[in-house]
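What you see is a predicted model, and the numbers here were worked out from it, not measured in a lab.
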Amino acid sequence: MTIYYFDSRGSWIAFRSSATDKNLFSPSAKWVGWLAWDNDDVCGVSTKSYLGTLVGDRLIKKVHAPSRFTPFTPFTPFTPFTPFTPFTKPSIVMPAGFTDVS
C-alpha cells in the first residue's frame, strides 16, 4: 500500500511503496531520500544529509537541522510504479521550528 506525504499546503511531494519501505520517491518516482536513522528523519540522496522529517502524512524540515553522521548511501532501489495521484490535503499550521522541504 502506497504511503503519501504532503507539504504544509497539502500538495503531494513524496511517497513510499509501503510502510516498511525506507525509500522516499518524488511524485515522478525519482528516488529523493531514505530513512537512514532510527527515527522519522530522512536523508537526501543528492545532499547525503538531512532532508526532512516525516510528521504524520507530512514531509517537513526542521529549521535547525540535526547534526548526524550520515551512513553509507544504499544501492539505488528499483524504481516503483508511479502511484495514482492522491487528492490534495488541507493546509496545516506549520509546527514551531519547522519549514517546508524545498
> Can you name the closest pair of heavy atoms from S49 and W37 and give their distance?
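Result for this residue pair: C-CH2, 4.5 Å.
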> Under 4.5 Å between side-chain heavy atoms, counting indirect links through other Ile/Leu/Val/Met/Phe/Trp/Tyr residues: same cluster for I13 and L54 or not?
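Result: yes, single cluster for both.
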> Got a sec, which residues hit ring pair (Phe, Tyr, Trp, His ring centres under 6.0 Å) with Y50, two or more places apart in sequence or on another chain?
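None.
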> Say you draw a straight line from CZ of F72 to CZ of F75; how long is it, rounded to the nearest 0.5 Å?
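Answer rounded to 0.5 Å: 7.5 Å.
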> Working to the nearest 0.5 angstrom, can you tell me the gap between Y4 OH and T88 OG1?
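OG1 of T88 is found 13.5 Å from OH of Y4.
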> Indicate, with yes or no, if the rings of F25 and F15 have centres closer together than 6.0 Å.
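Here the rings of F15 and F25 have centres that are less than 6.0 Å from each other.
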> Closest heavy-atom contact between D41 and P66?
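Closest pair (atom of D41, atom of P66, distance): OD2-CG, 3.8 Å.
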> Can you name the nearest heavy-atom pair linking L24 to A14, along with the distance?
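Closest heavy-atom pair between L24 and A14: CD2-CB, 4.0 Å.
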> If you measure from CG on D7 to OG on S102, what distance do you get to the nearest 0.5 Å?
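Going from the CG atom of D7 to the OG atom of S102 covers 11.5 Å.
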> At their closest point, which heavy atom of T82 faces which heavy atom of A29, and how far apart are they?
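What the structure gives for the nearest pair is OG1-CB, 3.8 Å.
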> Taking side chain as C-beta onward, heavy atoms only, is V42 less than 4.5 Å from T53?
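A side-chain contact under 4.5 Å is absent here.
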> When rounded to the nearest 0.5 angstrom, what distance separates CG in L59 from CZ in F6?
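Those atoms lie 11.5 Å apart.
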> Are the side chains of P74 and W31 in touch, meaning some heavy atoms are under 4.5 Å apart?
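The answer is yes, as the side chains (C-beta and beyond) meet within the 4.5 Å cut-off.
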> Considering all heavy atoms of both residues, which atom of G44 and which atom of W34 are nearest to each other, and what is their separation?
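Shortest heavy-atom separation between G44 and W34 comes out as O-CZ3, 3.9 Å.
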> Checking salt bridge (charged side-chain N to carboxylate O under 4.0 Å, His left out) against D100, which of K62, R9, R58 comes through?
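The passing option is R9.
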> Examine distances only and state if a side-chain atom of R16 and a backbone atom of I3 form a donor-acceptor pair shorter than 3.5 Å.
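No.
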